[in-house]
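Start at 1 and go down the list; that is how both ligands and their atoms are numbered. Because the structure is a prediction, the values reported are computed rather than measured.
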Amino acid sequence: MALKSTAFRPIRKAVLPAAGMGTRFLPATKASPKEMLPLVDKPLIQYVVEEAVACGITDIIIVTGRGKRAIEDHFDVSFELEMLLQDKGHDKAFEAVRAISDMANFAYIRQPQALGLGHAVGCARSLVGDEPFAVLLADDIIHHPTSALAQMLRVYEEFGTSVIGLQAVAPEEVVNYGVITPEKVRDGLHRVMDLVEKPKPADAPSNLSVIGRYILDPAIFNSLEQISRGAGGELQLTDAIRMMLQGRVVHGLELKGERYDAGSKLGFLKATVALAMDSPELGGEFRAFLHDLKL
Ligand code: G1P
């Protein structure tokens, strides 16, 4: 099988699964979507939207569920707020608010039942159509000057294949991730020969774990329709990618940058500190505050 596909097409659409119940973050997420928790000064989901848009993506497809309406309101025009800010001369805040709804075309589709990540991505099929697309999981914050998706697009542009984001994790941690069987292409880049969702450490084929960034061939949708329930009784995206390996090449790129699991309380705190330290607006004072703590 040729490593390079001839069918290179630009990535215009991104799917953002956001239907999860946020159970790891209760009670904060009892009545508010996890994706709307503010990380420094923006809701979590805005980070992945901005990452996608900065990579040239024009269409953001958010897979939502019950109780997620605040996400739609956030990316919509807010006439009252914009008028109020203009009237009061708060130009900077006005620009920031206006920019959110101007960023991209936003479309929403419901995942009627929480049947897993694979099912959530499958729900977006009619909106994605027959073109390659990106999937970004808002929980995974990857802090690096070159965003995770931008790093992966370089590989996509080189090979024209599906690309999944990877990071090496401690052997005992593999149980939380999709894990690949790698065949090295070059430093940090692998061809994915197989993959398994949430293996026991003893069964893991490597410690190269899938991080929540994917560039996928639309063939994934046929695979998603054929898979059965996998790990945790859920329809797993990992299992559909595994099935797609029968006819398609998939690359895995080890992502540069510190990765935080912002879907967990501790990961969210770590991400908050890391991003606040680098914030142009708050970083100076925040670093001074941390320094004064004399830990
Ligand atoms: C999902 C994927 C898993 C991946 C992980 C990355 O798992 O199923 O393959 O490694 O995201 O964050 P989840 O965290 O939803 O259990």
Side-chain angles (χ1 to χ4, degrees), residues 14-25 29 33-35 39 44-45 47-48 51 63-65 111 113-124 134-143 147-149 151-152 162-182 190 192 194-201 203-216 220 223-224 227-245 250-255 257-268 270-271:
V15 174
L16 277 47
M21 302 282 280
T23 47
R24 289 189 297 159
F25 227 118
T29 47
K34 159 180 82 172
E35 295 78 12
L39 188 57
L44 194 50
I45 194 166
Y47 286 87
V48 278
E51 179 176 339
V63 184
T64 67
Q111 184 186 18
Q113 277 177 287
L115 295 179
L117 179 60
H119 181 253
V121 173
C123 288
V135 175
L136 297 93
L137 306 187
D139 277 0
D140 283 317
I141 292 285
I142 300 132
H143 193 41
S147 76
L149 190 62
Q151 294 174 42
M152 290 163 60
S162 297
V163 185
I164 57 184
L166 301 173
Q167 274 196 340
V169 302
E172 66 275 15
E173 299 260 312
V174 288
V175 69
N176 298 314
Y177 299 94
V179 180
I180 71 155
T181 304
H190 309 270
V192 177
D194 201 356
L195 68 173
V196 52
E197 180 70 13
K198 300 190 171 64
K200 291 193 190 111
D203 302 333
S206 74
N207 68 337
L208 288 174
S209 298
V210 178
I211 300 302
R213 299 289 185 280
Y214 309 78
I215 294 171
L216 294 172
I220 195 71
S223 302
L224 283 168
I227 53 167
S228 335
R229 288 176 189 245
E234 297 189 341
L235 293 168
Q236 296 289 354
L237 182 58
T238 299
D239 293 341
I241 297 172
R242 178 168 201 261
M243 186 177 281
M244 197 171 65
L245 290 177
V250 175
H251 284 93
L253 177 70
E254 291 185 53
L255 298 173
E258 197 64 44
R259 179 249 178 186
Y260 303 98
D261 174 11
S264 78
K265 293 177 185 177
L266 189 60
F268 191 90
K270 290 179 183 174

J.: Tell me, which protein residue and heavy-atom name are nearest atom 8 (O) of ligand 1, and how many Å apart are they?
T.: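 Closest protein heavy atom to atom 8 (O) of ligand 1: Glu197 OE2, 2.8 Å.
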J.: Please work out whether any backbone atom (N, CA, C, O) or any side-chain heavy atom from C-beta onward of Val210 is under 4.0 Å from ligand 1, and answer side chain, backbone, both or neither.
T.: both
J.: For ligand 1, note which part of Arg259 has a heavy atom under 4.0 Å away: side chain, backbone, both or neither.
T.: side chain
J.: Quick check on side chain to side chain donor-acceptor pair (under 3.5 Å): which of Thr29, Thr23, Asp139 does Lys34 satisfy it with?
T.: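 Going through Thr29, Thr23, Asp139 one by one, the side chain to side chain donor-acceptor pair (under 3.5 Å) with Lys34 is satisfied by Asp139 alone.
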J.: Which protein heavy atom lies closest to atom 1 (C) of ligand 1, and at what distance to 0.1 Å?
T.: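 Ranking protein heavy atoms by distance from atom 1 (C) of ligand 1, first comes Leu117 CD2, 4.0 Å.
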J.: Does ligand 1 have any atom that is closer than 4.0 Å to a heavy atom of Asp139?
T.: no
J.: Is a side-chain donor or acceptor of Glu234 paired with a backbone partner of Gly118 at a separation under 3.5 angstrom?
T.: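 Side chain of Glu234 to backbone of Gly118: no pair is present.
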J.: Counting from 1, what ligand 1 atoms have a heavy atom of Thr238 closer than 4.0 Å?
T.: 9 (O)
J.: In terms of atom number and element, which parts of ligand 1 are under 4.0 angstrom from non-hydrogen atoms of Asp140?
T.: 6 (C), 12 (O)
J.: Are Leu237 and ligand 1 in contact, using a heavy-atom cut-off of under 4.0 Å?
T.: no
J.: Has the side chain of Gln111 got a donor or acceptor atom that lies under 3.5 Å from a matching backbone atom of Cys123?
T.: no
J.: What protein heavy atom sits nearest atom 13 (P) of ligand 1, and how far away is it?
T.: Lys198 NZ, 3.6 Å
J.: I'd like to know whether CE of Met243 has more than 12 heavy-atom contacts from other residues, nucleotides or ligands below 6.0 angstrom.
T.: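 Correct, the count exceeds 12.
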J.: If you measure from the Lys or Arg side-chain nitrogens to the Asp or Glu carboxylate oxygens, is any gap between Arg213 and Glu51 under 4.0 Å?
T.: yes
J.: Sub-3.5 Å donor-acceptor pair from the side chain of Ser206 to the main-chain atoms of Ile180, do we have one?
T.: yes
J.: Would you confirm whether any non-hydrogen atom of the protein falls under 4.0 Å from atom 15 (O) of ligand 1?
T.: no
J.: Within the 4.0 Å heavy-atom shell around Gln236, which atoms of ligand 1 are there?
T.: 8 (O)
J.: Just do the side-chain contact (heavy atoms from CB on, under 4.5 Å) check on Ile241 and Ser223 with the steps written out, would you?
T.: CA-CA 7 Å; Ile241 297 172; Ser223 302; over 6 Å; no
J.: Tell me the contacting part of Leu137 for ligand 1: side chain, backbone, both, or neither, using a 4.0 Å heavy-atom threshold, strictly below.
T.: side chain
J.: Is there a side-chain contact between Val250 and Leu195, using heavy atoms and a 4.5 Å cut-off?
T.: no
